[in-house]
Amino acid sequence: MQQVRKKSMDIFVHFKSVIVKIISDMGHAHIDFTRINTEPPRDKTHGDIATNAAMVLCKTLGMNPRELATQIADKLKDNTDVDDVNVAGPGFINIKVANAFWANRFAELVADKESFGRPKKHNKKLIVEFTSANPTGPIHIGHVRGTVFGDSLASLLEWSGHDVFREYYVNDAGSQVVTLARSAFLRYREYLGDDIGEIPKGYYPGDYLKPVGKDIAQIHGDKLKNMDEKEWLPVVKEIVMKSMMEMIKADLALLDVKFDNYFSERELHDDGAIEKTLADMRERGLIYEGVLPPPKGQLPDDYEEREQTLFRATDWGDDIDRPLVKSDGSYTYFAADIAYHRNKYLRGFNDQIDVLGADHGGYVKRLKAIVRAVSNDEAELDVKICQIVKLLKDGEVQTMSKRSGNFITLNELHAAVGKDPIRFMMLYRKNEAPIDFDYDKVTEKSRDNPVFYVQYAHARVYSIMRQAKEAFNGFDVATYDFTKSDLNLLQDESEINLMKHLLNWPKVAATAAEFHEPHRISFYLYDLAALFHSLWNKGKEKPQLRFIVDNNEDLTLARLAMVRSVAYIVKAGLDILGVDAPHEMR
RNA sequence: GCCCGCGUAGCUCAGUUGGAUAGAGCAUCGGAUUUCUACUCCGAGGGUCAGGGGUUCGAAUCCUCUCGCGGGCACCA
């Protein structure tokens with residue numbers, strides 16, 4: 001038979017195409033192949049690749065699954081990349097791949113280095129909105145998870161060939177900004193020597209506004225002090241907003257997070273975008289005047305039934321229609337949100353992702369409804385909800401009191417723990433699962449700490465290379481071309497296992513990107529590190545498995561190619577997570 | 001009351017979107033240990049996948065009901 005020569009980076013994709021070709025050649029070219037899976041079997045003794053092809057297609061082809069499987073298996077045996085094939089269970093086809101195939105495939109990794117398995121450009125325009133913390137104070141622990149998640153998800157999608165835009169939505173329009181300005185004005189008076197007493201209830205009490213008070217005084221002297229609020233408010237607002245955003249950007253820099261754009265909610269109000277959006281929606285019949293049923297559960301004290309302007313969200317998958325105009329005539333936050341998501345659509349983002357905190361779980365449906373409605377189903381929104389982070393210190397949960405403004409800031413957390421542990425631990429859980437963030441454990445340098453464990457794998461590779469340099473008299477990892485290594489010399493089972501795991505990387509990264517789940521990268525890297533460390537440890541008992549083998553330069557160079565490849569993939573993965581890949585541990 | 005998420009080993013969690021005998025770390029138990037700079041290492045036991053019913057060749061995964069935990073439930077942002 002004719003072999004499928006086109007090599008795909010992903011071995012599973014590759015073998016799927018081989019199987020599809022076989023079935024097509026059997027005279028079934030025009031059936032649906034999408035349900036065919038090629039994946040590693042749970043049990044390694046079953047081989048390297050398992051496929052459900054026969055079970056999935058037997059109905060359409062009117063055949064017994066085992067019989068079909070046997071026919072496909074017979075053809076597979078002719079493939080030189082295949083060492084052995086068997087049919088098992090209800091009709092699984094298990095493929096054992098020839099060692100030479102692994103070696104050939106591994107040569108691609110060695111040649112491609114960190115970019116191994118990286119898909120080509122998709123030219124899909126994606127926007128990821130995350131953090132979007134209210135600009136009324138510093139970034140604190142509650143924002144950190146969503147920030148790290150959003151940033152890494154964006155990196156992951158970039159790695160996968162998409163055109164990704166990171167955006168922060170600044171809620172600078174509502175009454176909270178007025179409160180912020182008043183709070184800053186108090187600090188201004190305080191700086192000028194007034195006794196301001198206790199910060200009144202409802203104001204922002206944090207010390208971080210003191211420098212803002214000072215700034216105002218330095219710019220305007222005491223001339224604001226005796227003005228009416230009407231006059232000083234816009235002035236103070238301007239200064240305090242600018243100052244808050246600078247503070248937030250500095251905080252985010254601690255995590256190496258940079259946004260492509262900070263999108264101002266106020267501008268949506270000022271430039272008429274909301275009116276325009278609502279006018280468009282009215283024209284399309286998406287808006288009506290009506291009365292909403294009273295909210296279920298505890299009725300708010302000031303509830304009054306009245307007719308209001310509503311968006312037909314129920315037509316787009318939401319549970320209830322949503323109000324757009326408040327009783328005082330101004331727009332709701334939701335109205336601005338519609339204009340905002342419409343704006344994203346008009347900028348060409350048909351794939352949108354919003355990263356939100358657990359307390360916003362109730363908004364998912366309405367946000368999705370918005371995007372569908374304003375784009376007339378051309379654009380799609382995925383909302384990722386990040387669960388809470390429980391901060392543990394000395395084994396006890398740290399509760400933070402909002403009342404006194406006494407929350408743990410990113411700044412404090414960063415000073416105590418550092419960027420890499422923060423980022424890794426935030427990504428070492430599925431986004432919907434809560435995290436216990438143990439202050440003490442996360443700084444620990446032991447196997448118990450996955451950050452260290454993974455970083456150490458990378459550092460260990462460089463350590464080995466430094467030793468190789470001595471053993472080989474000036475051997476230089478930076479310039480040596482490992483594609484010259486003879487990878488067929490790697491025959492030990494533990495070496496083959498490590499190589500297989502490395503070759504799994506493209507599939508892991510692709511799956512993580514497809515489902516917007518960066519945590520898969522962290523878990524993969526942890527497993528990779530475990531395999532690598534374990535192999536290193538074997539060298540203690542069996543010196544013949546050591547990476548650097550005396551008097552056998554060829555074998556050593558083959559092993560060094562493998563070792564070097566561990567660092568390529570760890571580096572690629574850690575880059576996505578935004579965690580440093582150190583050359584040595586300190 | 002309604003909506004969303006979660007429920008997997010003693011504990012903390014994965015589980016390749018429906019695949020075969022459900023995995024890892026910690027803890028427990030049993031061994032090894034003057035080391036290719038660093039982290040000790042190797043192995044074992046441990047399960048009604050919250051529970052019932054259903055869909056099909058096949059379910060932790062999909063549907064349905066029940067229980068438990070968390071979050072949310074006009075006009076705030």
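Computation of the quantities below employed the complete heavy-atom set of this structure, encompassing side-chain atoms and omitting hydrogens, waters and symmetry-equivalent molecules. We name chains A, B, ... by the order of the sequence lines, and we start the count at 1 in each one. Not measured: the values here are computed from a predicted model.
- When Watson-Crick and G-U wobble pairs are counted only if both distances are under 3.5 Å, B:rG46 pairs with no nucleotide at all.
- Across all strands shown, the partner of B:rG5 is B:rC69, judged by Watson-Crick or G-U wobble contacts whose two distances both fall under 3.5 Å.
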Donor-acceptor list for residues 84-94 of chain A side chains, cut-off 3.5 Å, not counting sequence neighbours:
{"from": "A:Asn86", "atom 1": "OD1", "to": "A:Asn94", "atom 2": "ND2", "distance (Å)": "3.4"}

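- Nucleotide B:rU21 has no partner under the Watson-Crick or G-U criteria, as no pair reaches both atom distances under 3.5 Å.
- With no hydrogens or angles considered, no side-chain donor-acceptor pair links A:Asn504 and A:Tyr524 at under 3.5 Å.
- Between A:His143 and A:His140, the ring-plane angle classifies as tilted under the 30° and 60° cut-offs.
- For A:Arg366 and A:Tyr363, the positive end sits near the middle of the six-membered ring, less than 6.0 Å away and at most 45° from its axis.
- Qualifying side-chain contact (heavy atoms from CB on, under 4.5 Å) partners for A:Glu432, counting only residues two or more places apart in sequence or in other chains: A:Lys430.
- Panel note: side chain A:Thr556, backbone A:Val549; a donor-acceptor pair is recorded below 3.5 Å.
- As rounded to the nearest Å, B:rG46 and B:rU21 have C1' atoms that lie 16 Å from one another.
- Of the P atoms belonging to B:rA14 and B:rA9, the separation is 12 Å, rounded to the nearest Å.
- A donor N or O paired with an acceptor N or O is found under 3.5 Å between the base of B:rC76 and the side-chain atoms of A:Tyr363.
- Only the C1' atoms considered, B:rU16 is 27 Å distant from B:rG54, to the nearest whole Å.
- Pairing for B:rA59 is absent, judged as Watson-Crick or G-U wobble with the two contacts each under 3.5 Å.
- Every residue two or more places apart in sequence or in another chain that forms a ring pair (Phe, Tyr, Trp, His ring centres under 6.0 Å) with A:Tyr453 is listed here: A:Tyr526, A:His533.
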Seminar exercise, completed: For nucleotides 9-16 of chain B, 5' to 3', base contacts (B), sugar-phosphate-only contacts (S) and non-contacts (-) with protein non-hydrogen atoms under 4.0 Å give ---SSSSB
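- Taking only distance into account, the side chain of A:Asn94 meets the base of B:rA20 through a donor-acceptor pair shorter than 3.5 Å.
- The salt bridge (charged side-chain N to carboxylate O under 4.0 Å, His left out) test applied to A:Asp580 returns A:Lys419, not counting sequence neighbours.
- In a base pair of the Watson-Crick type (N1 to N3 plus N6-O4 or O6-N4) or a G-U wobble (N1-O2 and O6-N3), with each distance short of 3.5 Å, B:rU35 is matched with no nucleotide.
- Using a 4.0 Å cutoff on non-hydrogen atoms, the parts of residues 541-557 of chain A near RNA chain B are A:Arg546, ordered by number.
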